Protein chains: 2
Amino acid sequence: MATADLHIVVGAKLRNVGQRYTARRRALVEILERARQPLPIPEILDAGMSLAQSSAYRNLAVLEQAHVVRRVVTGEEFSRYELAEDLTGHHHHLVCSNCGAVRDVTIPTRLERSMERALDEVASDTGFAAVSHRLDLIGTCRACG
Amino acid sequence: MATADLHIVVGAKLRNVGQRYTARRRALVEILERARQPLPIPEILDAGMSLAQSSAYRNLAVLEQAHVVRRVVTGEEFSRYELAEDLTGHHHHLVCSNCGAVRDVTIPTRLERSMERALDEVASDTGFAAVSHRLDLIGTCRACG
DNA sequence: CTTCCTGCAAAAGTTTTGCATTAAC
DNA sequence: GTTAATGCAAAACTTTTGCAGGAAG
């Protein structure tokens with residue numbers, strides 16, 4: 001998606017939940033777009049815009065409610081944020097258990113489908129309405145290996 | 001696994017990393033065994049044993065290093081702990097996005113295998129050594145649905 | 001002009017650490 | 001008897017909140 005289109009879609013999502021699309025929020029979205037992987041708050045703050053930490057947390061919470069970003073918890077000290085799958089497409093994460101690095105990855109559609117089917121079945125067997133899934137690979141990245 | 005055998009295995013795992021298997025740690029293991037799903041610290045402390053909060057955190061960290069327990073982060077306020085898969089077998093989690101409840105679940109072996117294969121391939125394509133995976137279903141449980 | 005966003009500072013809440021005491025080996 | 005685990009209290013650290021000032025519609 002081109003950045004201009006991205007802003008249009010994000011703006012619409014924010015208006016849907018009664019929120020404005022301010023300069024700060026636009027900058028946050030662009031930082032996450034460029035990153036192409038989930039970023040922790042400190043990296044977001046160091047990315048060049050001058051933004052108060054409290055505003056970062058508040059804006060990311062708003063963007064999450066608007067389904068613009070997703071919070072990714074990895075067990076590290078800070079949670080990470082990425083653009084929501086509505087905007088980037090469905091994907092999974094490689095997580096390095098040594099350094100904590102996270103990298104986006106996709107798996108074959110065929111497998112994605114059969115997983116989806118099996119999960120729906122497993123969920124409904126236990127009275128659970130499955131909405132989505134989260135699949136992470138834990139291992140060691142090239143730098144740490 | 002019978003509880004008696006469990007204690008033998010856990011004791012061995014702790015000795016492997018130069019740690020003792022004390023009464024507190026035994027009690028923690030039994031609480032997690034009975035729970036059959038990942039418990040947050042407050043529930044562990046309320047489970048009847050009188051254990052200082054700091055000791056709970058310290059002991060769970062030791063048990064994690066010894067590969068006796070696994071820390072499960074769900075994005076809730078508290079992290080949760082469960083017995084490691086070495087002891088309970090490989091499984092996944094249903095996570096209720098409303099109330100945060102977590103329930104253990106297994107998926108068909110066939111699917112588990114093809115997922116494993118695909119993930120190894122995806123990982124090695126990106127210079128990543130995949131060790132394990134984590135698959136959660138996000139949805140709403142019966143009580144919240 | 002009214003409403004909401006922003007920054008600063010302080011609070012809240014989870015997890016970690018220091019230290020004296022007690023238990024394990 | 002020596003080494004390590006425990007409880008208590010306090011600290012550290014991430015995230016949230018209150019409030020006054022400024023931007024957006």
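None of the values given here were measured: they were computed from a predicted structure.
D:dG7 atom P lies 10 Å from atom CG of B:Leu28, rounded to whole Å. Regarding A:Leu63, its CG atom lies at a distance of 13 Å from the C1' atom of C:dC5, rounded to whole Å. Taking atom CZ of residue B:Arg80 and atom P of nucleotide C:dT15, one finds them 12 Å apart after rounding to whole Å. Here the P atom of nucleotide D:dT16 and the CG atom of A:Leu60 are 10 Å apart, to the nearest Å. The interatomic distance linking A:Ile41 (CD1) with D:dC13 (C1') rounds to 14 Å, in whole Å. Taking atom CE of B:Met49 as the reference point, atom P of D:dA5 lies 15 Å away to the nearest angstrom. Between the C1' atom of D:dT16 and the CD atom of A:Glu64 lies a distance of 14 Å, rounded to the nearest Å. The CG atom of A:Leu51 sits 11 Å away from the C1' atom of C:dC5 (whole-angstrom rounding).
Regarding contacts with the backbone of D:dT15, a side-chain N or O of A:Tyr57 is found under 4.0 angstrom from either OP1 or OP2. Look at B:Gln19 and you won't find any side-chain N or O under 4.0 angstrom from OP1 or OP2 of D:dA4. Within the structure, every side-chain polar atom (N or O) of B:Gln53 is placed at least 4.0 Å from both OP1 and OP2 of C:dT15. For B:Thr22 and D:dA5, the shortest distance from a side-chain N or O to OP1 or OP2 is not below 4.0 Å. Taking only side-chain nitrogens and oxygens, B:Asn59 comes nearer than 4.0 Å to OP1 or OP2 of D:dT6. Note on B:Ser54: every side-chain N or O is 4.0 Å or more away from OP1 and OP2 of C:dT16. When the side-chain nitrogen and oxygen atoms of B:Arg25 are compared with OP1 and OP2 of D:dA5, one or more of them lie within a distance under 4.0 Å.
A residue-by-residue look at B:Arg71 and B:Arg20 shows that B:Arg71 has its nearest nucleotide of DNA chain C further toward the 5' end. A residue-by-residue look at B:Tyr21 and A:Gly18 shows that A:Gly18 has its nearest nucleotide of DNA chain C further toward the 5' end.
Of the candidate nucleotides D:dG25, C:dT6, D:dT15, C:dT6 has the atom lying nearest to any side-chain atom of A:Arg24.
Side chain A:Arg58 to base D:dG18: a donor-acceptor pair is found below 3.5 Å.
Listed for the A:Ser55 side chain is no donor-acceptor partner under 3.5 Å among the backbone atoms of A:Leu51.
In this structure, B:Arg26 is positioned above the aromatic face of B:Tyr21, its NZ or CZ under 6.0 Å from the six-membered ring centre and within 45° of the axis.
Checking A:Glu85 against A:His67 by side-chain atom types alone, no donor-acceptor pair falls below 3.5 Å.
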**Request:** Could you walk me through whether A:Thr3 and A:Glu33 pass side-chain hydrogen bond (donor to acceptor under 3.5 Å, both in side chains), step by step?
**Result:** CA-CA 8 Å; A:Thr3 303; A:Glu33 185 199 16; 3.2 Å; yes

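Heavy atoms of A:Phe78 sit under 4.0 angstrom from primed sugar atoms or phosphate atoms, though from no base atom.
You'll find the side chain of B:His133 reaches within 4.5 Å of the side chain of B:Met115, heavy atoms only.
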